[in-house]
Amino acid sequence: RIDGAVAAVRRKRNDEARAEWLAGSTPSGIGHRPGYVDQGVLAHHLRSTVGPQSVVTNDAGSFSAWVTRYLTREQPRTYLAPTSGAMGYAIPAAIAAGLANPGDAPVAIVGDGGFMMTGSEIQTAVRERVPIKVIVVDNSQYGTIRLHQERVTRGAYPGSSLGSIDFAGYARSLGANGFTVSEDSQVALTLEKALGCPGPAVVHVVVDPTQLEIEDV
């Protein structure tokens, strides 16, 4: 039997720990990167638009930190991600989830590098009528590699830069819907449109190449 005073102390500590966790896992929704979508803002709107029953597949990359930290999933089997850090996972995984649960519209979140590895599978989703929604977080580079380069090489960034790609146009060429967003103010409406499409859709989100880590503010 726990003493009443001891129980009260434990409850207080639990309440404080939960409040700290909630504060750290809730994005502010306020961006500070003109000309780009702030990844915290993207996470904020994904939380309010992706339903609790929707399957979310997360790819590997620097962008995935925002998804892992802020896009909480409370229902079992609604979050899929590669434990090995393999890029290119999210889109095939979303298609598989949609085929396993007809009628569902899984949401794949992937960086531009990962998208270029398996993005052609969107045509599979179109052909098989799996209404996946793909969020491409585009920072025009292999973000995780660049992050390590900045920490270690100090000015030398070989092989981590990527070119400018029209991901929305590419999606449309494969038969899917395509959208592009490059300002915080456009995010909510664009996500609404994409998630409301009856078939596969791709949202090309242009983010700041220097935003490689979550800022605690």
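One N or O on the side chain of Arg69 and one on the backbone of Gly24 form a donor-acceptor pair closer than 3.5 Å. Looking only at distances, a side-chain donor or acceptor of Gln39 sits under 3.5 Å from a matching main-chain atom of Gln211. Here the side chain of Thr68 pairs no donor or acceptor atom with the backbone of Ala65 at under 3.5 angstrom. Checked by atom type and distance alone, the side chain of Asp59 pairs as donor or acceptor with a backbone atom of Gly88 at under 3.5 Å. The backbone N or O of Val181 lies less than 3.5 Å from no partner atom in the side chain of Thr190, so there is not a single donor-acceptor pair.
No continuous path of ILVMFWY side-chain contacts below 4.5 Å connects Val67 to Leu80, so the two sit in separate hydrophobic clusters. Transitive grouping of hydrophobic side chains (ILVMFWY, heavy atoms separated by less than 4.5 Å) brings Leu42 and Phe63 into a common cluster. A continuous path of Ile, Leu, Val, Met, Phe, Trp and Tyr side chains, each step under 4.5 Å between heavy atoms, connects Met116 with Ile122, placing both in one hydrophobic cluster. Residues Ile95 and Met117 share a hydrophobic cluster, clusters being chains of Ile/Leu/Val/Met/Phe/Trp/Tyr side chains in contact below 4.5 Å.
Tested against Leu46, the residues Ile135, Val187, Leu195, Val41 include a single side chain to side chain contact (heavy atoms under 4.5 Å, CB included) partner, Ile135. The residue from Val205, Val207, Asp138 that alone fulfils the side chain to side chain contact (heavy atoms under 4.5 Å, CB included) condition with Asp112 is Asp138.
To the nearest 0.5 Å, atoms NZ (Lys193) and CZ (Phe179) are separated by 7.0 Å. One finds the CZ atom of Arg73 at 6.5 Å from the OG atom of Ser54 (value rounded to the nearest 0.5 Å). Note that CG of Asp104 and OG1 of Thr78 are 11.0 Å apart. Values are rounded to the nearest 0.5 Å. Rounding to the nearest 0.5 angstrom, the gap separating the CG atom in Asp184 from the OH atom in Tyr36 is 13.0 Å. Here the CD-CG distance, from Gln186 to Leu191, works out to 11.0 Å after rounding to the nearest 0.5 Å. Between the CG atom in Asp38 and the CH2 atom in Trp66 there is a gap of 8.0 Å [rounded to 0.5 Å].
One finds a salt bridge joining Glu213 and Arg151 here, because a Lys/Arg side-chain nitrogen approaches an Asp/Glu carboxylate oxygen to under 4.0 Å.
Atom CZ of Arg172 has more than 12 neighbouring heavy atoms from other residues, nucleotides or ligands inside a 6.0 Å radius. For Arg77, the CZ atom sits in a loose shell: 12 or fewer heavy atoms of surrounding residues, nucleotides or ligands are nearer than 6.0 Å. Residue Glu20 qualifies as open at atom CD: its count of foreign heavy atoms under 6.0 Å is 12 or below.
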Quiz prompt | Verdict with reasoning, Gln141 to Ser160, per side chain to side chain donor-acceptor pair (under 3.5 Å) | solution = CA-CA 5 Å; Gln141 62 195 340; Ser160 58; 5.4 Å; no

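There is no side-chain donor-acceptor pair under 3.5 Å between Thr118 and Glu121.
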